[in-house]
**Q** 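This is the structure, below, for whatever I ask next.
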Amino acid sequence: MNNEIYMPEIECAPREEMELLQSYRLCRQIRRVYDNVKPYREKMDAAGVKPEDIRSIKDLGKLPFTVKQDLRNNYPYGMFATPLSEVVRIHASSGTTGKQTVVGYTQKDIDIWSECAARALARVGGTKNDFVHVSYGYGLFTGGLGMHYGAEKLGATTIPASAGNSMRQIQMFQDFGSSIVCMTPSYAVSLIELMRENNISKDTLHLKSGLFGAEPWTEEMRREIEDGLGLKAYDIYGLSEISGPSVASECECQSGMHICEDHFIPEIIDPDTLEVLPAGQQGELVFTCITKEAFPLIRYRTRDIATLVYDKCECGRTLVRMLKPQGRTDDMLIIRGVNVFPSQIEAALLSVDNKATNYFLVVDRVNNLDTLEVQVELRGDLLGDNVRDVESYKQRLKHAIDSAIGVGVSIRLLEPKSLARSMGKATRVQDNRLIKNKFEKK
Amino acid sequence: MLEQISIFLENKPGRLAAVMDVLGKSGVDLRAFTIADTTDFGIVRIIAREPEKALTALKENDFTAAANKITGFTIPDHPGEMNKVIGILQEGGVEIEYSYSFMGSRPDEADIAIKTKNNEATEKLLKSKGIKIIE
C-alpha cells in the first residue's frame, strides 16, 4: 500500500532544501519574537544573542531554551507574539500541576496546524473519500478540534463524535461508515471490550486505519487495537505548547513518526548538560516553532525522551522521524491519559498525615489499563491493634490521592525502612510499562 | 490489664519468621500469639512475659510495633465456662472486637484475652461477676 503524500514538495524535500527553508523561517521568527515578546528579548539579551546572530539553523544552539516554567511565569498571555485581536482561538493544557498553560492561534496558525493534521491523516491512507471519526475530546484540549480541522482540510467527511457515550460511538462506526478514527489508545481498548461484551463483530465496522495519541502506548496495544477494531493503528504525537496533535505522526511503514519540521525544528539534547546530541542518540526532545504567529515557542524543552532518525523512509518521505517517546526527563507520569506528578501524591499523603511519609510509586499496565500503586511505609505511631484501623487509614490515603490526581490508585502499606533511602534525589517511581516496552522491541 | 504488642507485617514470605527470630534472640517468652490478616498485610498480636523487652527488640529491628492494653481472664477448663463469660458480656451490652485464648497458668484452667471498646469497664464488670482477671 502506498498512501498519497499530502505535500510531497515538503515531505520529500532533499535535506539541503529543507534546511534552507528552515533557516529562512528561523531567522524571520527570531527577529519577530525579539521585537514582540518581552521574555524572549530579556532571555536573549541576558545570553548576549542578537537576532542578527541567527543566520541559519546552524545558529539555533546559540538561543536560550524555553521551559514550562516560563509559560507559567507569563500566564496567561505574556508570551504571545501578536496582539490578542489577531488571536482567533485559545487552547489550554490540562493543568494538573496547578496553573494550566494557555496557548493561542492566529488564523494562519490554525491553517498550518490543520494542514499538519491533514498530512497525518493522508499518511494513514486518508483522502476526501474517507469518513474521519474524531473521538478525542472537543474543548480546550487540542485533540478534538485539531484532528477535526485536519479532516476538513483534507476534504474528508468529518464526524465530530467527541469522547464518551461508547455504545453510540460503535453504532456511528456501523451506520455512518467511519473509515478512519482518531482517539486515545486506551479509549480504543475500552471500545473493543465493549464490543466483546455485546458480541459485536469487528466485521460490522468499516474502519481501515486509526490515529492514536495523547498518551504512551505499547506495541502490544497496537496489535490488540489492530485486531480488535480491524484496522491499522498509527501513532501520532503532539503537545498543545507546539500546536496540538500532528506535530509528528507515523506513515504506513509504522517505523517512527515524521515530524512536520518545516514548521517545528526538532533537536535532541542531553537534559543534564544541555548539549545538543548527534542524530540517532536518545535525549530530550526540543522544538522551535518557525512559522507560528501567536504563540511561537523557541527551543522549547518538551521533557519527552526521544530519538531522531534522518534516513529517508521507505514511504518516500525525507522528513525526520522521531521514535516513540521513551519516557520523560521530569518525573511526570501519564496514567490513563492523565498527567500525574509524584509531588501531587506527596501533597495528598501529607494532607492525611502531616508527618513526612516515605513512598514509592509503581506504574504498570494490566490488561491494557494503566495501574498506579502507591507504596507507603506505615509508621509505628499509626498502628493500633486493629486491622480495621489500618484499613481505614489505607482508605483515607486512597481517597486523598484519588481526588488529588483524578486517577484511582491502589495503596500498599509497607513495613518501615522497606523503601531504600537515597542520598540525593530519591527514586520514587518504577514504571514497568517502559520495561515492558523495551522488552517488546527486541 | 494485660499488655499486648501488635506488629504490622507485609503479607510476604519470611516476615513472620523475621519477627520470631528477633523475639527468640532477645529471649522473649511468648504466652500468646495470633494473626489477623488481610490480602496484603497482617497484624500479629503477642502477649509476652516481658512486654517492654519485646517492644524494644522489635523497634530496634525496624518493625512497626505498638503496645496496647487488653483484658485477660482465667476460667476453669470445663465445658460451659466460656459461655458463662459471654453471657455476662452480652447482658452488659459489651461488644467484643476480637478474642483469643492462650496458655493457662495451670493445666485445669484456660486464659482468655478479649478486646472491647472499654477494657477498664469490661474488667470491672467481669470482676463483679466473680471472674478471675489477669492483672
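FYI, side chains are in, hydrogens and waters are out, and symmetry mates aren't considered; it's all heavy atoms of this structure. Chain letters run A, B, ... following the sequence lines, proteins first and then strands; every chain starts at 1. Just so it is clear, the model here is predicted, and its values are computed rather than measured.
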**Q** Are a donor atom and an acceptor atom from the side chains of T122(B) and T71(B) found within less than 3.5 Å of each other?
**A**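 No, no side-chain donor-acceptor contact under 3.5 Å.
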**Q** What part of A66(B) gets closer than 4.5 Å to chain A, counting heavy atoms only: side chain, backbone, both or neither?
**A**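 Both the backbone and the side chain of A66(B) come within 4.5 Å of chain A.
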**Q** Just by modelled atom types, is the A57(B) backbone N or O under 3.5 Å from a matching donor or acceptor in the S26(B) side chain?
**A**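 No, the answer is negative, given that no donor and acceptor are paired below the 3.5 Å cut-off.
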**Q** Enter the distance from E197(A):CD to I192(A):CD1 here, rounded to the nearest 0.5 Å.
**A**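 The CD1 atom of I192(A) is 12.5 Å from CD of E197(A), to the nearest 0.5 Å.
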**Q** Is the terminal nitrogen or CZ of R45(B) (NZ for Lys, CZ for Arg) located under 6.0 angstrom from the six-membered ring centre of Y98(B) and within 45° of that ring's axis?
**A**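 Verdict for Y98(B): a cation-pi partner in R45(B).
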**Q** Counting only non-hydrogen atoms closer than 4.5 Å, does K12(B) touch chain A with its backbone (N, CA, C, O), its side chain (CB onward), both, or neither?
**A**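 For K12(B), there is no contact with chain A at all, as no heavy atom is under 4.5 Å.
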**Q** Is it true that F8(B) and F41(B) have ring centroids separated by less than 6.0 Å?
**A**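 Close enough - the centres of the two rings lie under 6.0 Å apart.
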**Q** Report the option among R15(B), K59(B), E97(B) that has the most heavy-atom pairs separated by less than 4.5 Å from atoms of chain A.
**A**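 Of R15(B), K59(B), E97(B), R15(B) has the most heavy-atom pairs under 4.5 Å with chain A.
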**Q** With a 4.5 angstrom heavy-atom cut-off, is it the side chain or the backbone of L9(B) that approaches chain A, or both, or neither?
**A**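 For L9(B), heavy atoms of backbone and side chain both lie under 4.5 Å from chain A.
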**Q** Side chain from CB out, backbone as N, CA, C, O: work out which of these in D62(B) comes under 4.5 Å of a heavy atom of chain A, or both, or neither.
**A**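 D62(B) touches chain A through backbone and side-chain heavy atoms alike.
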